[in-house]
Student: 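Mind looking over this structure? Questions follow.
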Amino acid sequence: MKKGRVVCVAFTVILVAIIGLIAELNFDGSSVKASSKYKYGSITVPAKNGTICGAPNYIAYEKGFFKKNGIKANLVAKPTNIGDLEAGFSSGKYDALNGDFQYLPAIQNGAQILAAGGLHQGCIQVLVPKNSNIHSVKDLKGKTIGTPGQGSTGQYVATIALQHAKIDPKTGVTWKTYDYDLLTKAAEKGEVDAIANVDPYAYQAVKQSHFRVIADNNNSSNSTAMAKMGMKKSGSCCYLYLSQKLVKENPKKAAAIVKSYKEAAKWIDAHPAETTNILLDKKYVAKTKFVNKKNVTTLIKSYHFSLKQGSGKEDLKYYAEQLKKAGFLKKNTNVNKLVKSAYYTK
């Protein structure tokens, strides 16, 4: 009887072990534990803001690059206020970000983020209504320019163009702020003379409302004329940023994030049409008559997605120099020192 109880207990133990093993199996029968799928745990990325240039966030998530590299990613809404982003990184709320060179002043002021490489070329244009008497950047002197916000990349791109046209961006023009999707209407109503906006909003203004482009920071064609307006040849516009706290405390996790974005950017460049389908079908980018699969695919091709760590650093240095001239960085800024301290190197 006693022997029977022992056998019964042993059988129960084995049965429990088998059930536990089954619970750890994936649907394909692999014996990888659920916890090992995300060896580096989770990250939170403030990604969702409706822009096409945020594609690396969405593709790294949707195509499984985060997961493959041991990361469970949570994509959340991106705050429009840069101060909220700074606070989120400082507190550990956010871990990574696909953002523009607009974060340089924030980094100088103590924002706890590091640039980790350029992700793609330009996505921002300075535009005027089709019947405007403004035909060049020089014509902007004394005019009012609408942007998505003070310190936005739209304002910075316009500022760089103004400086190269010998116009003081602080005294030579007036700035007004509108939401991304309201800038075109503001110009059509005459509330502003020109706008500086990001795709797809800028692209839609051109296609739907026939706005004219007077400056475009996508100089992938290496145009000398655009370079004379301060639009750097083949320069990175958007960058991957990492939490400084995360880089310091978990360098392997930081490296896994960088690898995920590098793989995502490479995939996007090789699959622009499929990327478009994901962005529109999953509603990361709002579909309209002109923000459609054909046009978004064209834009994605023009961005030349690729994580550029070496040349990205040089591009960031260029923009830091431009922002210093404009007064967005302190007068005594040592640009080389700032970029060195602001850049992640593995």
Side-chain angles (χ1 to χ4, degrees), residues 45-63 75-80 98-100 102 119-132 145-149 152-155 157-158 176-218 220 237-238 264-265 267-269 271-305:
V45 184
K48 297 179 180 180
N49 69 342
T51 61
I52 296 169
C53 57
N57 300 306
Y58 311 132
I59 296 305
Y61 178 81
E62 294 289 347
K63 297 303 295 184
L75 306 184
V76 299
K78 183 178 180 179
T80 55
N98 179 161
D100 308 288
Q102 73 179 96
L119 278 170
H120 68 80
Q121 295 182 41
C123 56
I124 297 163
Q125 293 89 46
V126 180
L127 310 159
V128 295
K130 60 181 179 180
N131 297 322
S132 172
I145 305 173
T147 74
S152 65
T153 315
Q155 185 183 31
V157 168
K176 280 190 175 182
T177 297
Y178 295 84
D179 289 340
Y180 293 107
D181 57 342
L182 298 179
L183 280 165
T184 299
K185 288 294 181 185
E188 289 176 332
K189 291 178 181 178
E191 295 172 7
V192 295
D193 301 296
I195 60 174
N197 208 355
V198 64
D199 291 328
Y201 308 101
Y203 188 80
Q204 182 163 324
V206 172
K207 289 293 183 180
Q208 182 174 322
S209 303
H210 307 292
F211 274 47
R212 290 184 283 108
V213 178
I214 60 170
D216 185 339
N217 82 324
N218 187 336
S220 56
C237 170
C238 284
W267 192 91
I268 291 167
D269 200 49
H271 305 89
E274 290 178 65
T275 299
T276 295
N277 290 339
I278 291 170
L279 264 57
L280 296 179
D281 294 346
K282 297 283 186 175
K283 299 183 179 179
Y284 290 118
V285 173
K287 190 186 299 184
T288 69
K289 179 180 178 181
F290 293 96
V291 182
N292 55 37
K293 292 188 176 181
K294 179 183 176 181
N295 290 339
V296 173
T297 299
T298 297
L299 282 172
I300 288 173
K301 287 179 181 178
S302 75
Y303 293 164
H304 303 287
F305 281 94

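Just the heavy atoms: all of them, side chains too, but no hydrogens, waters or symmetry mates, feed the values below.
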Student: Which heavy atom in Thr184 sits nearest to a heavy atom in Ala205, and how many Å separate them?
Tutor: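 So the minimum-distance heavy-atom pair works out to OG1-CB, 3.5 Å.
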Student: How far does NZ of Lys301 sit from OG1 of Thr276, to the nearest 0.5 angstrom?
Tutor: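 These two atoms lie 9.0 Å from each other.
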Student: Under a 3.5 Å distance rule, please check whether Asp179 uses its side chain to pair with a backbone N or O of Asp181 as donor and acceptor.
Tutor: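 No; zero donor-acceptor contacts below 3.5 Å.
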Student: Please examine the side chains of Ile52 and Cys123, heavy atoms only from C-beta on, and report whether any two atoms are closer than 4.5 Å.
Tutor: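 No, too far: nothing below the 4.5 Å cut-off.
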Student: Which residues satisfy the side chain to side chain donor-acceptor pair (under 3.5 Å) test with Thr177, sequence neighbours excluded?
Tutor: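 In terms of side chain to side chain donor-acceptor pair (under 3.5 Å), with neighbours along the sequence ignored, Thr177 is linked to no residue.
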Student: Which pairs pass salt bridge (charged side-chain N to carboxylate O under 4.0 Å, His left out) with one or both residues in residues 279-290, sequence neighbours excluded?
Tutor: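 Every pair satisfying salt bridge (charged side-chain N to carboxylate O under 4.0 Å, His left out) with a residue in residues 279-290: Glu62-Lys282, Asp281-Lys293.
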Student: Taking the side chain as every heavy atom from C-beta outward, state whether Val198 and Pro148 have any pair of such atoms under 4.5 Å apart.
Tutor: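 Val198 does not reach Pro148 side chain to side chain.
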Student: Can you list the residues that meet the side-chain contact (heavy atoms from CB on, under 4.5 Å) rule with Ala47, with sequence neighbours excluded?
Tutor: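 Testing Ala47 for side-chain contact (heavy atoms from CB on, under 4.5 Å), a comparison that skips the adjacent residues, returns Val45, Asn57, Tyr58, Leu75.
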Student: Contact between Val192 and Tyr178 at the side-chain level, heavy atoms closer than 4.5 Å - yes or no?
Tutor: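 SC-SC contact between Val192 and Tyr178 confirmed.
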Student: Quick one, Lys63 with Ile278, criterion side chain to side chain contact (heavy atoms under 4.5 Å, CB included). Give me CA distance, side-chain angles, the key distance, then yes/no.
Tutor: CA-CA 10 Å; Lys63 297 303 295 184; Ile278 291 170; 3.9 Å; yes
Student: Can you name the nearest heavy-atom pair linking Thr147 to Gly154, along with the distance?
Tutor: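 Where Thr147 meets Gly154 most closely, the heavy atoms are CG2-C, 4.5 Å.
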Student: Check side chain to side chain donor-acceptor pair (under 3.5 Å) between Ser132 and all other residues, then give those that pass, not counting sequence neighbours.
Tutor: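 Side chain to side chain donor-acceptor pair (under 3.5 Å) list for Ser132, sorted by chain: empty.
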Student: Please examine the side chains of Val291 and Val296, heavy atoms only from C-beta on, and report whether any two atoms are closer than 4.5 Å.
Tutor: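 Val296 reaches Val291 side chain to side chain.
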Student: Taking the side chain as C-beta and beyond, is there a heavy-atom pair between Gln204 and Thr288 under 4.5 Å?
Tutor: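 Yes. Closest side-chain heavy atoms under 4.5 Å.
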Student: Please name all residues satisfying side-chain contact (heavy atoms from CB on, under 4.5 Å) with Ala158, sequence neighbours left out, ordered by chain then number.
Tutor: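 With sequence neighbours excluded, Ala158 shows a side-chain contact (heavy atoms from CB on, under 4.5 Å) to Val126, Trp175, Ala196, given in chain and number order.
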Student: So with a 6.0 Å cut-off around OH of Tyr284, is the heavy-atom count from everything else above 12?
Tutor: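 Correct, the count exceeds 12.
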Student: With sequence neighbours left out, what residues match Gln102 under side chain to side chain donor-acceptor pair (under 3.5 Å)?
Tutor: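 Only Thr153 meet the side chain to side chain donor-acceptor pair (under 3.5 Å) criterion with Gln102.
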Student: Which residues pass the side-chain contact (heavy atoms from CB on, under 4.5 Å) test with Asp193, sequence neighbours left out?
Tutor: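 Expected list: Ile134, Lys143, Thr144.
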Student: I need the Leu183 CG to Ile145 CD1 distance, nearest 0.5 Å.
Tutor: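 Answer for the CG-CD1 pair, Leu183 versus Ile145, is 11.5 Å.
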Student: Which atoms form the tightest heavy-atom contact between Val285 and Gly50, and what is the distance?
Tutor: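 Shortest heavy-atom separation between Val285 and Gly50 comes out as CG2-O, 3.8 Å.
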Student: For residues 197-216, which residue pairs qualify under ring pair (Phe, Tyr, Trp, His ring centres under 6.0 Å), counting only residues two or more places apart or in two chains?
Tutor: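 Sorted result for residues 197-216: Tyr180-Tyr201.
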Student: My understanding is that only residues two or more places apart in sequence, or in another chain, count here; which of them pass side-chain contact (heavy atoms from CB on, under 4.5 Å) with Ser220?
Tutor: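 Listed in chain order: Gln121, Asn218, His304.
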Student: Minimum heavy-atom separation for Asn217 to Gly122, with atom names?
Tutor: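 Minimum heavy-atom separation between Asn217 and Gly122: OD1-CA, 3.2 Å.
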Student: Any side-chain heavy atom of His120 within less than 4.5 Å of one from Ile300?
Tutor: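 In short, these two side chains do not touch, never coming nearer than 4.5 Å.
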Student: For Lys48, what residues pass the salt bridge (Lys or Arg N to Asp or Glu O under 4.0 Å) criterion, not counting sequence neighbours?
Tutor: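 Lys48: no salt bridge (Lys or Arg N to Asp or Glu O under 4.0 Å) contacts found.
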Student: Over 60° means perpendicular and under 30° means parallel, so tell me whether Phe305 and Tyr303 are parallel, tilted or perpendicular.
Tutor: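 The arrangement is perpendicular - the two ring planes meet at more than 60°.
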Student: Applying side chain to side chain donor-acceptor pair (under 3.5 Å), name anything that partners Thr51, two or more places apart in sequence or on another chain.
Tutor: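 For Thr51 the side chain to side chain donor-acceptor pair (under 3.5 Å) partners, ignoring immediate neighbours, are Asn49.
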Student: State which residues pass salt bridge (Lys or Arg N to Asp or Glu O under 4.0 Å) with Glu274; sequence neighbours excluded, sorted by chain then number.
Tutor: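 Salt bridge (Lys or Arg N to Asp or Glu O under 4.0 Å) check on Glu274 returns nothing, list empty.
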